[in-house]
Amino acid sequence: MKKTGKIAGKLKKTVTIITMLGLTAGTLGAGGFTYLYATADIPHRAGTHTMSEIHFVTSDGVNVATVQPPDGEKQGTSPAAISQYMKNAIVASEDGGFWEHSGINPKRIAAATVQHALGRSGGGASTITQQLVKNTIVGDEHSLDRKVREAAYALKVTNTKTKDEVLSDYLSIVYFGRGAYGVEDAARKFFGVSALDLNPAQSALLAGMVQSPSALDPDVNPEGARERFDYVVDRMKHDGYIPQGAQVEFPELVSPPPPKVTVGVDGDYGHAVSMAFVELESMGIDRTTLHNVGATVTLTVNDAKQRAVQNIVRSHIGGDLRAAVVSVDSANGGVVAMYSGEDGLGFNYATAGQMTGSTAKVFALTAAMERGIPASKTYSSAPYNEGGVSVTNSSVASCTTCSITQSTVESLNTSYLRIQNDIGGATETQNMAWRLGVPREINGEASLGGDQPYDGIVLGQYLTAPIDMANAYGTIASGGKRHQAHIVAGVNTMKKSTLYEFHGKEDPVISEQTAAQVSNVLSGVADYSNHNQLAGGGGKMKTGTVQLGSTGENRDAWTVGFVDGGLSTAVWVGSDNGVPLYYGGGKMWGATLPATMWRQTMNAIR
């Protein structure tokens with residue numbers, strides 16, 4: 001039994017800290033905090049609770065997916081039924097001071113308060129005890145008053161339960177991925193063992209996944225999962241839970257169980273649901289929270305437009321061919337429609353990196369326009385020789401010295417290598433791609449060649465996902481304003497309160513003049529590309545094709561384009577096994593099937 005004087009001292013210290021931070025400035029005062037503490041009703045087992053379905057609806061109000069919770073009431077796992085390795089791993093990973101602090105961390109609360117004042121997420125302030133309280137008692141409302149209630153209940157939990165009980169309650173409700181809620185469920189779904197039998201390696205992997213279960217799923221992101229695993233093992237060694245010299249190998253997994261999820265017709269929204277979970281996890285809203293509040297997630301996707309895009313793709317794609325189509329609203333970065341593959345629970349082609357071919361030339365073009373190089377300036381179209389390598393064009397150029405505009409329309413490789421030299425080299429093409437919206441990092445590593453990109457960056461030798469190409473071109477369509485690509489518009493609880501609403505910032509990364517100049521150069525490409533200009537005109541696009549090694553065949557074909565101030569759409573066509581691509585009795589090029597699909601998509605949904 002804890003001494004009353006000791007509890008009172010902790011309470012007084014906590015009230016003082018919270019008052020100094022200004023957290024009691026809302027509906028609660030310092031006296032209110034004390035009252036909350038005194039009246040807080042702590043469940044005997046906070047790990048026992050009932051979860052609700054998560055519903056997904058489109059921007060036009062169609063209910064397209066439902067994710068089921070675990071069956072019935074979620075039962076807690078007792079402290080004696082959980083491996084000590086697992087307890088140590090979650091503490092090392094999530095809350096290093098857990099065994100010593102009083103359930104709250106004043107330094108973390110102070111940092112969260114500053115972030116809240118700046119209009120940013122207050123994530124990262126919660127201790128394990130606060131996370132338990134948030135998910136089982138006070139909810140996840142984004143407000144300072146909720147933080148005060150959370151702190152009061154966390155202190156009460158700490159003073160009425162043992163640390164081992166708190167930890168087991170938390171491990172009983174947290175989401176680990178693979179549809180596993182609670183450590184017992186996770187141990188069986190990932191390793192086929194009980195929570196009591198988890199070894200150090202298995203414990204480290206599970207503890208690391210709590211941060212972002214969807215994004216760190218070893219089946220989806222093996223590199224990210226291994227990096228996080230190594231981090232947790234290092235923390236366990238640092239904290240003395242594992243000997244410094246111990247060799248802890250990445251654990252072997254059992255096959256994942258079939259996901260307990262009901263999605264839209266034919267699984268067409270499976271990838272959108274997965275993307276939404278990853279997006280929300282990145283903002284600190286996990287599946288446990290969503291199930292606890294009975295969330296309805298509103299997607300940016302418009303169902304009518306989504307169906308139109310999927311029908312267009314299915315009318316063209318079959319056999320070995322695979323495709324991705326992503327359309328984003330250039331005004332805010334929201335995904336309006338998407339085709340990402342036939343298996344909604346399988347590989348997502350919309351978010352997978354592919355070599356982009358000549359669609360990457362737009363990044364060098366934008367850098368040239370920004371530097372004041374006129375679109376009329378001419379460059380040689382002769383073979384380009386560098387370091388013993390000779391680069392030629394895929395077809396005979398119509399000019400021996402070609403303007404930037406003509407080099408873009410005819411997609412002249414040799415002219416664009418010279419344009420890239422004129423803007424300062426490959427790093428300038430890379431920097432512009434990053435500025436326009438291509439992610440700087442993929443799975444923790446620098447994208448587009450990192451510190452030393454090759455000259456081939458302007459010819460699309462590096463991997464970029466269709467969603468990121470659509471968003472980068474969207475920056476040009478919006479007059480130079482970059483937005484965050486996203487698929488979640490908002491989240492409401494079953495009680496109709498708002499848990500989250502997207503408010504992305506707008507970053508002017510190039511001038512309106514530069515964007516207009518790039519748009520003007522691209523205006524002639526659609527007609528040149530087999531007469532794929534949009535109905536009524538206005539389509540600005542660039543095609544691209546990736547060769548299959550030195551075979552003379554093609555393996556990837558792209559078209560990316562937009563209408564000024566409207567939709568930006570990326571189309572990729574390829575295969576799973578790198579087979580040569582054919583269309584209409586000949587080789588497939590970006591200017592053939594992808595350009596046709598781009599035109600049809602834009603005409604159908606813009």
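Nothing here was measured: the structure is a model prediction, and the numbers come from that model. Residue numbers count from 1 along this sequence.
Annotation: Phe98, atom CZ; neighbour count of heavy atoms from other residues, nucleotides and ligands within 6.0 Å is above 12.
Between the side chains of Asp329 and His483, no donor N or O sits under 3.5 Å from an acceptor N or O. Of the N and O atoms on the side chains of Ser478 and Ser330, not one donor lies less than 3.5 Å from an acceptor on the other residue. Judged by distance alone, the side chains of Glu184 and Tyr181 never bring a donor and an acceptor atom under 3.5 Å apart. Residues Tyr175 and His291 have side chains that never bring a donor and an acceptor to within less than 3.5 angstrom of each other. For the 3.5 Å distance criterion, the side chains of Asn88 and Gln84 qualify, holding a donor opposite an acceptor. Ser194 and Asp197 are linked by a side-chain donor-acceptor pair at a separation below 3.5 angstrom, with hydrogens and angles left out of the test.
Residues Pro439 and Ser447 approach most closely at O-OG, 2.5 Å, considering heavy atoms. Minimum interatomic distance between Leu448 and Ala433 (heavy atoms only, all atoms of both residues): CD1-CB, 3.5 Å. Residues Ala337 and Val309 come closest through the heavy atom pair CB-CG2, 3.7 Å. Nearest heavy-atom pair across Ala89 and Val232 is O-CG1, 4.0 Å. Nearest heavy-atom pair across Ser52 and Gly294 is CB-CA, 3.7 Å.
Within the 3.5 Å criterion, the main-chain N or O of Ala331 finds no donor-acceptor partner in the side chain of Lys481. Proximity of a side-chain donor or acceptor of Arg228 to a complementary backbone N or O of Leu205 within less than 3.5 Å is not detected. Ser126 places no side-chain N or O within 3.5 Å of a backbone atom of Gln130 that could act as its donor or acceptor partner. With Thr298 contributing its side chain and Ala489 its backbone, the two residues share no donor-acceptor pair below 3.5 Å. Distance alone, capped at 3.5 Å, is enough to place a donor-acceptor pair between the Asp60 side chain and the Asp303 backbone. A donor-acceptor pair under 3.5 Å is absent between the side-chain atoms of Gln211 and the main chain of Gly208, judged by distance alone.
Residues satisfying the side-chain contact (heavy atoms from CB on, under 4.5 Å) criterion with Ser274, sequence neighbours excluded, are absent altogether.
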Quiz prompt | Worked verdict on Phe229 versus Tyr231 for ring pair (Phe, Tyr, Trp, His ring centres under 6.0 Å) | solution = CA-CA 5 Å; Phe229 167 80; Tyr231 167 80; over 10 Å; no
Quiz item: When you look at Asp507 and Arg435, which way does the salt bridge (Lys or Arg N to Asp or Glu O under 4.0 Å) test go after all the steps?
Solution: CA-CA 9 Å; Asp507 291 324; Arg435 285 169 59 190; over 6 Å; no
Quiz item: Given Asn332 and His486, is the side-chain hydrogen bond (donor to acceptor under 3.5 Å, both in side chains) satisfied, shown in steps?
Solution: CA-CA 9 Å; Asn332 57 37; His486 64 284; 4.7 Å; no
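No side-chain heavy atom of Tyr241 sits less than 4.5 Å from a side-chain heavy atom of Pro200.
Using cut-offs of 30° and 60° on the angle between ring planes, the pair Phe56 and Phe277 is perpendicular.
For residues 464-474, the set of pairs meeting the side chain to side chain donor-acceptor pair (under 3.5 Å) definition, not counting sequence neighbours, is empty. Counting only residues at least two apart or on different chains, no salt bridge (charged side-chain N to carboxylate O under 4.0 Å, His left out) pair has a member in residues 279-295.
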